[in-house]
Amino acid sequence: MKAMILAAGLGTRMRPLTDHTPKPMLKVAGKPLIEHQINRLVAAGIREIVINHAYLGEQIEAYLGDGAQLDCHIQYSAEPEPLETGGGIFKALPLLGDEPFLLVNGDIWLDMDYGSLVAHASSETSEHLAHLILVNNPEHNPNGDFYLHQGWVSENAPNLEATDRYTFSGVSILYPELFTGCSAGVFKLAPLLKAAMDPIKGEPKVTGQVFNGYWLDVGTPERLAALENHLSQ
């Protein structure tokens, strides 16, 4: 299995820390966030990694190189301007191949064994288009993103309780078929996922699971400090 790390964001909420540094290169526990992610992927046996970048992306390439020093092989998908999540993944698909791949946001922390997701991908059927890792709703997203019921993820579920609604962690397994019919350009991933969750016709094609360990969207300087404090303990 290959993996893709999303690293093309502008990091506006992290300013001034990101005035001269791309967010995935901000350090915590002595290493850039993106290096921590790569270490977790390699520990799970994933050694083919694609990284997209835009804002100050040359710093990422200069630091990581071809990945040999981290026991992996890294390819880059450079974007002259950020293409949003969907557009960035679509541009990188030729590097990712025809098999499902693990997608990880470059600015999150998740104490999860990615090896379990590699095993999960091998057990799903070809009818699936995505598998999302969900977490309990944080303070900054109290209403959550999606419902989860009997392993299926949906945006709308009037018969379910609010307690069945969770936040998307930024980690998922995606199938290239999710992007069938898409065209190059700027577009978000969320509409594709929602269409696959609640199709007008046919069966839903997005599964999910809840991760109950430590997770953090490292989107602000305060959260970066919180992560540093967590790791120091």
Side-chain angles (χ1 to χ4, degrees), residues 1 3-14 23-24 33-34 36-37 40-41 44 52 82-90 92 96 100-114 116-118 120-121 124 128-158 160-179 182 187-199 204-220 223 226-227:
M1 172 180 268
M4 180 175 182
I5 300 177
L6 297 173
L10 297 175
T12 53
R13 292 180 299 161
M14 269 290 190
K23 185 162 58 170
L33 283 166
I34 197 168
H36 286 287
Q37 290 286 16
R40 285 186 174 278
L41 293 170
N52 74 326
L83 296 174
E84 293 282 4
T85 306
I89 299 169
F90 183 79
L96 292 164
F101 56 92
L102 182 61
L103 181 72
V104 181
N105 284 4
D107 58 355
I108 60 131
W109 184 277
L110 186 76
D111 284 345
M112 184 178 197
D113 175 12
Y114 290 151
S116 64
L117 293 181
V118 175
H120 180 90
E124 282 204 324
H128 294 158
L129 293 179
H131 181 77
L132 308 186
I133 303 304
L134 307 173
V135 295
N136 292 313
N137 300 326
E139 291 183 2
H140 63 271
N141 192 41
N143 297 320
D145 299 315
F146 303 117
Y147 289 96
L148 179 68
H149 182 61
Q150 296 182 347
W152 296 98
V153 182
S154 61
E155 181 187 14
N156 302 301
L160 296 182
E161 302 293 331
T163 52
D164 294 314
R165 197 165 171 86
Y166 298 91
T167 292
F168 176 43
S169 70
V171 175
S172 58
I173 298 169
L174 297 186
Y175 292 68
E177 291 81 6
L178 179 67
F179 297 86
C182 293
F187 64 92
K188 296 179 182 294
L189 175 63
L192 299 181
L193 291 174
K194 291 174 182 177
M197 290 172 190
D198 303 307
K205 296 184 178 181
V206 179
T207 57
Q209 67 187 80
V210 176
F211 174 72
N212 290 309
Y214 185 82
W215 169 84
L216 189 66
D217 172 6
V218 193
T220 66
R223 291 182 211 156
L227 177 58

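Residue numbers run from 1 in the order of the sequence given.
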*Given side chain to side chain contact (heavy atoms under 4.5 Å, CB included), test L110 with L216 step by step and report yes or no.*
CA-CA 7 Å; L110 186 76; L216 189 66; over 6 Å; no
_Test log, rule side chain to side chain contact (heavy atoms under 4.5 Å, CB included), inputs W215 and W109_ = CA-CA 5 Å; W215 169 84; W109 184 277; over 6 Å; no
*Show your working on side chain to side chain contact (heavy atoms under 4.5 Å, CB included) between R40 and D111 and close with a plain yes or no.*
CA-CA 9 Å; R40 285 186 174 278; D111 284 345; 3.1 Å; yes
_Test side chain to side chain contact (heavy atoms under 4.5 Å, CB included) applied to L132 and Q209, step by step_ = CA-CA 7 Å; L132 308 186; Q209 67 187 80; over 6 Å; no
Check residues 145-153 and write down every donor-acceptor pair under 3.5 Å in which the side-chain atom is one partner and the other belongs to a residue at least two apart or another chain.
from, atom 1, to, atom 2, distance (Å)
D145, OD1, N141, ND2, 3.2
D145, OD2, F168, N, 2.8

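Here L193 contributes atom CG and K205 contributes atom NZ; the two are 13.5 Å apart, rounded to the nearest 0.5 Å. The structure places CZ of F179 at 9.0 Å from CG of L96, a figure rounded to the nearest 0.5 Å. In this structure, CG in L83 is found 11.0 Å from CD1 in I89, a value given to the nearest 0.5 Å. Note that CG of L103 and OG1 of T85 are 8.0 Å apart. Values are rounded to the nearest 0.5 Å.
At a threshold of 4.5 Å between non-hydrogen side-chain atoms, the residues F90 and E84 do not count as touching. The shortest side-chain heavy-atom distance between N212 and N136 falls under the 4.5 Å cut-off. Using a 4.5 Å heavy-atom threshold, the side chains of F101 and I173 count as separate. Two residues are said to be in side-chain contact when any heavy atoms from C-beta on lie closer than 4.5 Å; I34 and D107 fail this criterion. When side chains are defined from C-beta on, V104 does not count as touching L6, because their heavy atoms never get closer than 4.5 Å. Under the 4.5 Å side-chain criterion, counting only non-hydrogen atoms from C-beta, H128 is in contact with T207. Side-chain contact check for S172 versus I133: every heavy-atom pair is 4.5 Å or farther apart. Considering only heavy atoms from C-beta on, S169 stays 4.5 Å or farther from F211 through its side chain.
The salt bridge (Lys or Arg N to Asp or Glu O under 4.0 Å) search around K194 returns E155, not counting sequence neighbours.
In terms of heavy atoms, M4 sits closest to A92 at CE-CB, 3.7 Å. Heavy-atom minimum distance, L129 versus A196: CD1-CB, 3.9 Å.
At least one donor-acceptor pair closer than 3.5 Å links the side chain of N52 to the backbone N or O of A7. N137 places a side-chain N or O within donor-acceptor distance of the main-chain N or O of T167, the cut-off being under 3.5 Å. R223 contributes a side-chain N or O that, together with a main-chain N or O of D217, makes up a donor-acceptor pair within less than 3.5 Å. A donor-acceptor pair is defined here as one N or O able to donate and one able to accept, closer than 3.5 Å; such a pair exists between the side chain of Q37 and the backbone of I108. At least one donor-acceptor pair under 3.5 Å links the side chain of R165 to the backbone N or O of N143. Judged by distance alone, the side chain of N156 and the main-chain N or O of D198 form no donor-acceptor pair under 3.5 Å.
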